[in-house]
There are 2 protein chains.
Amino acid sequence: MPKHLTKSLHQKISLAGGKLTRLRKAILDILIQENCLVDKKTVVKKLNQKKINPDRTTLYRELLFLTKNNLVQKTLLNEKIYYELTDLSHHHHLICLICNKIKKIPLENHLQCQEKILSQKNNFDIINHNLEFYGYCYKCQKNN
Amino acid sequence: MPKHLTKSLHQKISLAGGKLTRLRKAILDILIQENCLVDKKTVVKKLNQKKINPDRTTLYRELLFLTKNNLVQKTLLNEKIYYELTDLSHHHHLICLICNKIKKIPLENHLQCQEKILSQKNNFDIINHNLEFYGYCYKCQKNN
DNA sequence: ATATTTGCAAACGTTTTGCATAGTG
DNA sequence: CACTATGCAAAACGTTTGCAAATAT
């Protein structure tokens, strides 16, 4: 886990009155490694690879803790729920409506500027955002 | 239902091999009237007000039809699934992390420009997008 | 030592499936 | 008429709850 992240995550956890358990650390590590949208099944698979086999109740409570305390963000794509680290979520996604492939794209500066404008206009303190583009990838355009 | 929408929706339905049933029409009407994110419970409530009481199986299948065929878009906010008309979805949302209030904001042109750039860069034919900003609304900023 | 976290068992709610009937184009 | 849409019953699945034992700070 990168140093600057460790610190910020650790802070957020203790701020929320939580403890850095083996499971919690492992889940965060997985989300950092993936650095993109990960679904629950993938999280379980990766945990099992690390010889961690939490009860499903425990996993539900863990993901609830992480989302409730804003360490992790949930997103619904193609009828599936995905998770990603809030701290790493400053990129966006191109999602193909045919093959469901998800491609990560970097943040455009425009959006950061817009956040400032929106903040002022609406008296709204923006701390995060979600942006996804839906359409047809190159392959599927050709094949259809 | 506004004329230009009726036509486009009707087309999409028959293109998908579907029929314009009472339930389907009612759901689309509700989504048009709400013109924002609506959850399943609200849909049921509004249907009941119209004396339409579909079996829950039917409702599930209906919402599946509408999302599968891209007439309606699903979004996950605050642990809840919301639906909205794809044709009307060209606005974005400010979501307060404390009181969960959702405020609709109009599309900024910047994003449409970016879509074009992204399309070309990635050989990806973008047909829709989702954008949500998370943060603290004015009231909650004051009270916390 | 205290509070959080965990596993187990069971309850609960949501979503899906199969099939026969009704309704639409 | 052909095909989609619907309701019902039941199954499958996902999520939540309560409690006692284990674990982290």
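Chain A is the first sequence line, chain B the second, and so forth, proteins listed ahead of strands; every chain is numbered from 1.
Projected onto DNA chain C by closest heavy-atom contact, A:Asn53 and B:Leu64 fall at different nucleotides, the more 5' of which corresponds to A:Asn53. Mapped onto DNA chain D by nearest heavy atom, B:Lys19 and B:Asp55 fall at different nucleotides, with B:Lys19 at the one closer to the 5' end. Of the two residues contacting DNA chain D, namely B:Gly17 and B:Pro54, the nearest-nucleotide position lying further toward the 5' end is that of B:Gly17.
Atom CG in A:Leu23 sits about 5 Å away from atom P in C:dT6, given to the nearest Å. Straight-line distance from the CG atom of B:Leu47 to the P atom of D:dA5: 16 Å, rounded to whole Å. One can place CG of A:Leu63 at 14 Å from P of D:dG14, the figure rounded to the nearest angstrom. Residue B:Lys25 contributes atom NZ, which lies 15 Å from atom C1' of C:dT24 at whole-angstrom precision. As a whole-Å value, the separation of B:Leu20 CG from D:dT6 P is 11 Å. Following rounding to the nearest Å, A:Lys74 (NZ) and D:dT15 (P) show an atom-to-atom distance of 7 Å. Here the C1' atom of nucleotide C:dT6 and the CG atom of A:Leu59 are 12 Å apart, to the nearest Å. In this entry the distance linking NZ of A:Lys68 with C1' of C:dT4 reads 16 Å, nearest Å.
For C:dT6, neither phosphate oxygen OP1 nor OP2 lies less than 4.0 angstrom from any side-chain nitrogen or oxygen of A:Thr57. Within the structure, a side-chain polar atom (N or O) of B:Arg24 is placed less than 4.0 Å from OP1 or OP2 of D:dA5. Phosphate contact (OP1/OP2 of D:dT15, side-chain N/O of A:Lys40, threshold under 4.0 Å): present. The side chain of B:Thr58 contributes an N or O atom lying less than 4.0 Å from OP1 or OP2 of D:dG7.
Summarising the local packing, NZ of B:Lys101 is surrounded by 12 or fewer heavy atoms from other residues, nucleotides or ligands at distances under 6.0 Å.
Once rounded to the nearest 0.5 Å, the distance linking CG of B:Leu63 with CZ of B:Arg24 reads 10.5 Å. To the nearest 0.5 Å, atom CD of residue A:Glu34 and atom NZ of residue A:Lys46 are 4.5 Å apart.
Side chains of A:Leu71 and A:Thr86 form no contact here, defined as non-hydrogen atoms less than 4.5 Å apart. Between B:His92 and A:Leu118 there is no side-chain heavy-atom pair separated by less than 4.5 Å.
The B:Arg61 side chain lies nearest to C:dC19 when the options are C:dC19, C:dT24, D:dA24. Here the side chain of A:Thr21 is nearest to one of C:dT6, D:dA5, D:dG14, namely C:dT6. The side chain of A:Arg56 sits closest to C:dA10 out of D:dT25, C:dA10, D:dG7.
Across all strands shown, A:Lys41 has no heavy atoms under 4.0 Å from either base or sugar-phosphate atoms.
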